[in-house]
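Worksheet for the structure shown next.
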Amino acid sequence: MPDLVEVNSAGAPAPGQLVTVRNRQWIASDVVASTVASSDATASFTTPPQHVVTLVSIEDDARDEELRVVWELEYGAVAHDQHVLPSPKRGFDEPERLDAFLDAVRWGAIASADRTALQAPFRSGIQIEDYQLDPVVRALSMPRTNLLVADDVGLGKTVEAGLVMQELMLRHRARTMLVVCPAGLTVQWRDEMRDKFGLDFRIVDTGMLKELRRSRGLYANPWTHYPRLIVSIDWLKRERPMRLLREVLPPVPNYPRAFDLLVVDEVHTCVPSGTGRYAVDSQRTRAIRELAPHCEHRLFLSATPHNGYLESFTALLELLDDQRFARGVKPNPEQLAQVMVRRLKRDLPPRWDGTPRFPERVLEVLPVRYDDAEREAHGMLASYAASRRQAASGAAQRTAADFVTTLLKKRLFSSPKAFAETVDAHLATMNAREHGPLGLATRPSLAEEAGTRVLRPLIDRLEETAEDDAAFASAATEAFSAVREVAAPLSAEERKLLERLRSWARSAQDRADGKFRAFTTWLDPIVRPGGQWSDQRVIVFTEYRDTQRWLYERLIAAGVPAERIAQLHGGQDEKEREHVKNVFQESPHLPGGEVRILLATDAASEGINLQRYCHRLLHWEIPWNPNRLEQRNGRIDRHGQRASRVEVFHFVPAGWERAEADPGAFAEGSLENELYFLHHAARKVDQIREDLGSAGEVIATQVEQKMLGKRADWQTADAEITRRSGRAVLKIERDLARDLQRLTEALADSRSELNLSPATVERVVRTGLALAHRKDLIPTKAPEGVRAACFRLPELPGAWADARNDGLHHPVTGAERPITFDADAVADRTDLVLLYLGHRLVQMCLRLLRAEIWAGGNSAKLSRVTARVVPSATLRTPAVIAHGREVVTGSEGTRLHEEIVTAGGLIEGGKLVRANDLVRD
């Protein structure tokens with residue numbers, strides 16, 4: 001590489017100088033010239049040296065983006081003279097246009113040292129609740145933002161994280177961001193950050209890695225190709241992604257950090273697993289532990305951060321901030337209060353009119369009368385399970401037997417279709433054992449190792465793929481094959497039991513069972529009273545895609561039109577999935593909104609919002625994992641639910657009331673006895689849902705023990721729940737009403753200081769459209785019930801057309817919607833589009849006006865000078881007011897501080913007399 005020395009040149013810009021390169025504005029942060037001698041001996045005397053100029057973007061949508069160019073080879077590059085003042089030689093601007101220009105400059109100026117003025121809430125396209133401001137206000141008060149947001153399910157933790165991310169970016173405290181979340185939430189995070197906050201993120205996965213290497217070469221690294229990234233925790237923890245990550249991380253964390261901000265969603269899934277004092281780090285834990293020290297700011301999100309064990313919770317806190325917390329050491333309450341934000345739904349004060357912020361949740365049951373054939377099938381499965389466990393001779397064989405029992409029982413409780421598929425797979429693999437090599441079964445020591453080292457990950461993978469047909473079938477075959485390797489061969493009686501179970505399931509899957517009949521008896525009066533379709537909707541959650549398909553077929557056979565049913569599942573095409581979500585979230589009266597029944601697998605139970613027009617949910621089977629049960633409930637019991645009451649249903653065996661008074665009403669181990677036990681577990685989850693992080697494991701253990709035929713005692717479980725919940729107390733004593741009042745006042749002060757109102761945003765857009773295209777907004781009639789001014793957008797060319805059409809068309813009908821600038825007008829409406837500060841069209845208008853700061857000559861669209869006529873009672877002599885823009889940049893050209901200053905005075909006796917009390921009209 002040629003030697004470079006730092007110089008200033010008359011042709012190249014000086015460091016700190018403003019330049020235009022590739023039609024964008026930049027600050028030159030570094031200028032170096034080559035000292036390499038030319039092959040032409042005379043060139044050094046006749047040709048000036050070429051310069052490598054490092055540029056830093058100053059535009060709002062690409063803050064601190066860097067670019068390196070060879071200055072002399074850049075076509076159209078211009079270094080601006082920054083000392084030319086506005087002049088009235090080209091005439092005066094209309095006062096409204098100059099006001100729009102000043103607002104555009106003011107909204108782009110961030111005073112980093114000012115911790116009170118917020119901008120992120122105004123740049124989001126959603127209605128912000130007052131309590132959602134707490135994390136962003138707290139983040140601004142911290143030199144290094146380390147926050148654990150542990151709000152209740154449904155309070156909007158993603159929105160709170162988005163506000164923090166955007167505010168830190170606006171203040172130049174965070175440019176590179178990495179979001180780590182469960183695999184099912186990567187697309188949702190990307191879409192919400194784009195649609196609600198105007199932040200563009202890219203998902204890092206295997207597909208993106210392949211595409212990146214096709215376009216940029218084999219050695220392209222996914223962790224450096226874009227400043228804002230999203231990755232699933234289970235992809236991140238793999239060897240190859242971690243190896244690529246280590247390539248960009250220094251051996252020892254240094255400044256600047258590799259990433260400015262790390263966000264970990266559902267962080268409780270990354271805490272060390274196990275119990276007691278010596279919890280073991282999982283692969284997820286190790287991945288976050290390696291990454292976190294290389295991130296300047298850390299934002300952890302979880303509704304259940306404490307599992308009842310001090311070791312696990314303090315390990316999480318240490319990942320968040322190892323200066324304040326240490327693993328195994330009880331956290332100081334004052335230190336914990338500084339980094340943790342936790343509000344429960346019941347703790348939030350009511351709205352101004354006395355109405356509760358969230359609906360009441362009511363747990364309801366649907367009794368089912370099971371026939372003799374279903375009871376007989378359950379009895380055969382119990383006999384098979386007991387026989388297999390009795391035949392198991394070691395830990396590996398017991399693990400294999402318990403795995404098969406729990407999987408078959410879960411599928412039996414789900415549907416005959418799901419059970420038939422699993423019995424088929426199990427029988428096929430065990431039959432193959434008889435005809436293939438015995439493998440590990442003949443080597444007991446290796447079989448034991450396989451049970452602990454091989455089978456457990458396969459069991460976990462099976463849980464993760466339950467809602468994807470192909471993936472589940474593959475995982476089940478692999479798991480059953482591993483079982484075959486370590487399990488004892490089937491006895492003649494066991495084979496006969498499996499074949500009888502398969503025969504029953506195959507015949508039962510083609511007809512409605514007792515549970516389906518109870519379902520339709522409940523469903524019809526809600527969605528089809530008297531044979532006429534109502535506007536009511538219901539969601540039916542199931543754990544398995546097989547059951548979802550079976551339910552769909554049964555409903556069609558029962559006479560429900562296909563257009564009334566929608567499905568959400570993990571293997572769904574992304575566009576189809578988004579369409580279903582949009583339809584279900586829109587009014588049932590819209591064309592295309594005929595859906596009344598949504599059949600959903602657990603792909604829809606994480607982070608997806610389904611509450612706008614639905615307040616009834618049915619669990620087709622009760623998940624053995626309590627957290628999954630609560631995740632499902634949170635899809636409708638959340639912020640934005642319009643109904644005053646959320647109804648959650650599940651099935652119970654007929655006669656369950658007798659069991660309430662007499663625990664022995666159902667025979668131990670019978671079908672009704674086990675289903676009643678699951679009902680008790682669901683009720684327990686609802687009672688302690690605010691402590692679910694600490695108590696969920698106890699409930700899950702009780703359910704598993706019961707289903708395996710072992711003793712399960714709720715009295716013992718209740719004592720353990722109480723003990724662990726007491727250890728997991730996360731309540732922070734605060735006056736929430738006072739805090740919310742403070743946050744509301746801070747938001748109002750910020751709005752006033754920034755001069756932000758629907759009228760000022762409208763003025764900026766109208767001025768931008770007029771200057772760019774000589775077009776204006778088209779007034780239109782407001783939808784019924786809307787008092788705000790509404791407009792149609794004019795047709796625009798090129799990139800402006802893309803910005804114009806961004807979100808303009810209705811997601812279901814495709815119709816072009818009117819726009820407004822009043823956020824209150826669009827609350828709970830989808831027939832209007834809000835043009836907010838972060839909207840792409842508004843941003844283009846703002847950039848156009850801000851660019852006038854550097855425009856000159858024929859390229860200038862404004863003279864930046866105006867004259868106003870005011871009543872003589874306001875001023876007795878003329879006055880002059882000047883606005884200046886003060887910018888402080890760092891050594892590399894990054895903006896550290898920016899604000900608008902105002903000065904002026906009165907003209908008296910032909911002289912300017914300074915006046916400190918002049919205010920802008």
Side-chain angles (χ1 to χ4, degrees), residues 13-14 16-21 23-28 57-60 76-111 753-755 760-761 763-774 842-870 874-875 877-889 895 897-908 910-921:
Q17 190 168 1
L18 179 75
V19 302
T20 297
V21 173
N23 295 318
R24 296 172 60 187
Q25 277 70 47
W26 311 78
I27 290 290
S57 174
I58 60 172
E59 294 187 347
D60 291 339
V78 177
H80 295 281
D81 183 352
Q82 301 179 43
H83 306 293
V84 177
L85 295 176
S87 170
K89 291 181 180 179
R90 297 179 63 237
F92 289 88
D93 296 323
E94 291 292 330
E96 292 77 12
R97 288 194 172 185
L98 186 65
D99 286 342
F101 166 73
L102 291 172
D103 282 333
V105 176
R106 182 179 295 107
W107 297 340
I110 305 292
E753 184 176 336
L754 293 169
N755 192 36
T760 54
V761 179
R763 184 170 61 197
V764 162
V765 172
R766 288 192 136 167
T767 303
L769 293 177
L771 294 178
H773 305 289
R774 297 184 180 180
V842 179
Q843 284 294 308
M844 291 190 77
C845 293
L846 289 170
R847 285 199 298 271
L848 177 78
L849 290 170
R850 282 176 61 86
E852 289 297 303
I853 295 174
W854 310 289
N858 295 329
S859 65
K861 296 179 173 63
L862 296 174
S863 63
R864 291 183 284 154
V865 178
T866 192
R868 295 179 186 271
V869 178
V870 298
T874 303
L875 288 174
T877 62
V880 176
I881 299 177
H883 301 274
R885 175 171 167 265
E886 182 181 21
V887 181
V888 179
T889 61
R895 276 185 291 176
H897 177 82
E898 181 179 357
E899 65 176 310
I900 307 302
V901 294
T902 304
L906 301 172
I907 300 177
E908 295 181 350
K911 296 182 179 180
L912 180 66
V913 179
R914 182 175 180 180
N916 295 321
D917 57 349
L918 284 176
V919 295
R920 188 167 66 86
D921 185 10

Ignoring hydrogens and angles, tell me if any N or O in the side chain of [X] forms a donor-acceptor pair with the backbone of [Y] under 3.5 Å.
X: E852; Y: K861; value: yes
X: T866; Y: L98; value: no
X: D93; Y: S863; value: yes

Minimum heavy-atom distance between [X] and [Y], given as atom pair plus value:
X: C845; Y: L769; result: SG-N, 4.3 Å
X: A77; Y: V21; result: CB-CG2, 4.1 Å
X: V865; Y: P86; result: CG2-CB, 3.9 Å
X: A100; Y: L849; result: O-CD1, 3.8 Å

Could you tell me the separation between the [atom1] atom of [X] and the [atom2] atom of [Y], rounded to the nearest 0.5 Å?
X: R868; Y: T874; atom1: CZ; atom2: OG1; value: 12.0 Å
X: R864; Y: F92; atom1: CZ; atom2: CZ; value: 14.5 Å
X: R106; Y: L846; atom1: CZ; atom2: CG; value: 12.5 Å
X: L754; Y: T760; atom1: CG; atom2: OG1; value: 9.5 Å

message: Quick one, R763 with T767, criterion side-chain contact (heavy atoms from CB on, under 4.5 Å). Give me CA distance, side-chain angles, the key distance, then yes/no.
response: CA-CA 6 Å; R763 184 170 61 197; T767 303; 4.3 Å; yes
message: Can you tell me if E908 has over 12 outside heavy atoms packed within less than 6.0 Å of its CD?
response: yes
Taking C-beta and beyond as the side chain, do [X] and [Y] meet within less than 4.5 Å on heavy atoms?
X: V105; Y: H883; result: no
X: W107; Y: V764; result: yes
X: R885; Y: R850; result: yes
X: L862; Y: L771; result: yes

field: Listed partners of R97 passing salt bridge (charged side-chain N to carboxylate O under 4.0 Å, His left out), at least two apart
entry: none
